[in-house]
Amino acid sequence: MNNPVSIINQAMNDPNKTSNPIFANAIKMYKSGDAEGLRNLAINLCNSKGITPESILKNIK
Amino acid sequence: MPMQYQPYQNYYMPNNQYQNPYVQQMIPQPPQAQFPVNNPTLNGRMVADFSGINASEVPMDGSKAVFPKQDLSEICIKYWKADGTIETLRYKPFADNTETTIGNDVKVASRGSDELYQGINKLGETLNERIDRLEELISKKVVARKKDNDE
């Protein structure tokens with residue numbers, strides 16, 4: 001089973017995913033180590049979709 | 001002489017012009033190359049009110065979703081921005097190629113807001129010029145009357 005890092009590395013080379021501006025921005029921040037930017041992006045996504053980060057974590061667990 | 005059934009008789013008549021139409025369909029056709037046609041698709045739907053649009057209706061591939069109102073009084077376009085927020089643009093109908101004449105000189109074309117503002121500015125300038133001329137005329141007449149009265 002792939003670990004999260006390898007999943008991200010695979011996704012970074014997937015042209016279908018890199019054409020997504022949000023994903024491209026997230027990868028850019030990931031590469032530059034911009035944790036605060038990634039956090040804000042996640043919060044914005046949650047707010048736009050009307051969900052909370054806690055509910056996502058609950059679903060993952 | 002009565003006809004007798006002959007089991008080995010060849011009932012196939014080679015000179016017969018009749019051709020079974022289904023035989024031709026059996027002939028394998030060479031495969032034709034099919035090229036994918038990239039028809040641009042339009043995301044979105046007709047809405048009664050813009051408040052009923054969900055975030056899941058906006059594609060996350062960077063393309064824009066179009067939501068016209070049912071009465072076509074307004075069109076809303078939504079798309080995801082790179083920061084994870086949804087940008088909303090609204091378009092209202094605008095009658096094209098119609099000209100409205102204001103006064104004698106100025107034509108206001110409703111092709112764009114710039115032309116509209118230019119027309120209004122021209123109208124203001126012409127009005128100011130006319131008011132200035134009227135003031136000059138009135139002041140000249142007042143001065144002439146005062147002179148007449150003094151004499």
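A note on names: the letters A, B, ... follow the listed sequences, proteins ahead of strands, and every chain is numbered from 1.
The hydrophobic clustering, which links ILVMFWY residues whose side-chain heavy atoms are closer than 4.5 Å, places B:L42 and B:Y91 together. Residues B:F67 and B:I75 fall into different hydrophobic clusters, defined by Ile, Leu, Val, Met, Phe, Trp and Tyr side chains chained together at heavy-atom separations under 4.5 Å. In the hydrophobic cluster analysis, where Ile, Leu, Val, Met, Phe, Trp and Tyr join through side-chain heavy atoms closer than 4.5 angstrom, A:F23 is grouped together with A:L38. Cluster membership check: B:V58 does not share its hydrophobic cluster with B:V66, using side-chain heavy-atom separations under 4.5 Å among Ile, Leu, Val, Met, Phe, Trp and Tyr.
Between A:L45 atom CG and B:D83 atom CG the span is 8.5 Å, to the nearest 0.5 Å. Considering CG of A:N44 and NZ of B:K81, their distance stands at 9.0 Å, rounded to 0.5 Å.
Between B:G84 and A:S48, the closest heavy-atom pair is O-OG, 3.0 Å. The shortest heavy-atom contact between B:A82 and A:P21 is CB-O, 3.8 Å. Residue B:M60 comes nearest to A:I22 through the heavy atom pair CE-CD1, 3.6 Å, listed as atom of the first residue, atom of the second, then distance.
Interface remark: B:D61 contributes backbone atoms only to the contact with chain A (heavy atom separation under 4.5 Å).
Within 6.0 Å of atom CZ in B:R45, more than 12 heavy atoms from other residues, nucleotides or ligands are found, so the atom counts as buried in its surroundings. For B:K69, the NZ atom counts as densely surrounded, since its 6.0 Å shell holds more than 12 non-hydrogen atoms of other residues, nucleotides or ligands.
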*Could you walk me through whether A:N20 and B:W80 pass side chain to side chain contact (heavy atoms under 4.5 Å, CB included), step by step?*
CA-CA 9 Å; A:N20 179 338; B:W80 284 95; over 6 Å; no

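Ranked by heavy-atom pairs under 4.5 Å with chain B, the list A:L41, A:N47, A:I43 is led by A:L41.
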